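Here the structure is laid out as structure tokens; the discussion comes afterwards.
None of these values were measured; they are calculated from a predicted model.
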Amino acid sequence: MRRVRVGSVSDFEDPGKQVIVIGDDEIGVFRLGDSFHAWHNVCPHQGGPVCQGRIYPRVREDLDDAMRSRGRTYDENVKNIVCPWHGLEFDIRTGQHPGTPELALRAAEVTVEAGVVYVSLA
């Protein structure tokens with residue numbers, strides 16, 4: 001297993017990300033509060049550079065009792081990465097697409113030790 005130092009915790013905004021290259025792999029490393037998550041930079045939809053997208057709160061459609069849209073709202077408790085190619089959203093904590101469970105990002109191992117962030121790949 002190859003282990004690479006990504007940087008210090010303080011190098012990451014909150015929420016924030018860095019896209020790093022480890023050999024032939026590009027990995028997006030994300031910070032949400034005290035937690036870190038890492039995903040391969042390949043969208044499962046059409047292979048786009050998903051980790052290079054923007055971080056947004058989860059978008060929800062606000063529906064009335066008759067199921068008519070009252071517009072969009074944003075769930076600040078869930079942060080998504082949005083693929084820059086086609087706009088697919090993925091939960092940064094789980095890697096899951098909110099509406100299509102079979103679409104998910106491929107995880108990379110990320111650890112934090114003594115304030116330093118590391119990514120490990122097999």
Open item on the list: Please check if the number of heavy atoms outside Glu13 that lie under 6.0 Å from its CD is greater than 12.
Closed with: no
Task: Any donor-acceptor N/O pair, Lys79 side chain to Ile92 backbone, under 3.5 Å - done: no
Open item on the list: Within the 4.5 Å heavy-atom criterion, are Pro49 and Cys43 side-chain neighbours or not?
Closed with: no
TODO: Taking the side chain as every heavy atom from C-beta outward, state whether Asp91 and His97 have any atom pair closer than 4.5 Å.
DONE: no
Open item on the list: I'd like to know if the side chain of Arg2 and the backbone of Val4 have a donor-acceptor N/O pair within less than 3.5 Å.
Closed with: no
TODO: Kindly give the heavy-atom pair with the smallest separation between Ala108 and Val119, and that separation in Å.
DONE: CB-CG1, 4.3 Å
Open item on the list: Could you go through Gln18 and Val6, starting from their C-alpha distance and side-chain angles, then the distance that decides it, and tell me whether this counts as side chain to side chain contact (heavy atoms under 4.5 Å, CB included)?
Closed with: CA-CA 9 Å; Gln18 291 184 26; Val6 177; 3.9 Å; yes
Open item on the list: Ring centroids only, cut at 6.0 angstrom: are Phe36 and Phe12 within range, meaning strictly under it?
Closed with: yes
- [ ] Say whether Ile55 and Val78 are linked into one hydrophobic cluster, either directly or through other cluster members, by side-chain heavy-atom distances under 4.5 angstrom.
- [x] no
Task: Gln52 and Glu26, any side-chain heavy atoms less than 4.5 Å apart - done: yes
- [ ] Taking Ser35 for its side chain and Leu32 for its backbone only, find out whether a donor-acceptor pair lies under 3.5 Å.
- [x] yes
TODO: Please examine the side chains of Val117 and Arg31, heavy atoms only from C-beta on, and report whether any two atoms are closer than 4.5 Å.
DONE: no
Open item on the list: Using a 3.5 Å distance criterion without hydrogens, assess whether the side chain of Asp62 forms a donor-acceptor pair with backbone atoms of Arg70.
Closed with: no
Task: Cation over ring face, Arg5 and Tyr118, 6.0 Å, 45° - done: no
Task: CD1-CG distance between Ile22 and Leu121, expressed to the nearest 0.5 angstrom - done: 4.5 Å
- [ ] Indicate, with yes or no, if Ile81 and Leu103 share a hydrophobic cluster defined by side-chain heavy-atom contacts under 4.5 Å among Ile, Leu, Val, Met, Phe, Trp and Tyr.
- [x] yes
Open item on the list: I need the Thr100 OG1 to Leu88 CG distance, nearest 0.5 Å.
Closed with: 7.5 Å
Task: Pairwise distance CE(Met67) to CD(Glu61) - rounded to 0.5 angstrom - done: 9.5 Å
TODO: Please name the pair of heavy atoms, one in Pro44 and one in Leu105, separated by the smallest distance, quoted to 0.1 Å.
DONE: CD-CD2, 3.7 Å
TODO: Kindly write out the residues that satisfy side-chain hydrogen bond (donor to acceptor under 3.5 Å, both in side chains) with Asp34, not counting sequence neighbours, or none if the list is empty.
DONE: none
Task: Heavy-atom side-chain proximity of His40 to Ile27 below 4.5 angstrom - done: yes
- [ ] Please step through side chain to side chain contact (heavy atoms under 4.5 Å, CB included) for the pair Arg3 and Thr111, ending with a clear verdict.
- [x] CA-CA 10 Å; Arg3 186 173 191 230; Thr111 56; 3.8 Å; yes
TODO: Using a strict 4.0 Å threshold on nitrogen-to-oxygen distance, state whether Arg60 and Asp75 make a salt bridge.
DONE: yes
Task: Common cluster, Phe30/Val82, ILVMFWY with side-chain heavy-atom separation under 4.5 Å - done: no
Task: Test applied, side-chain hydrogen bond (donor to acceptor under 3.5 Å, both in side chains); reference residue, Asn80; option that passes from Arg58, Glu89, Arg54, Arg93 - done: Glu89
Task: Other residues, nucleotides, ligands: >12 heavy atoms within 6.0 Å of Arg106 CZ - done: no
- [ ] Any chance you could measure Gln96, atom CD, to Phe90, atom CZ, to the nearest 0.5 Å?
- [x] 9.0 Å
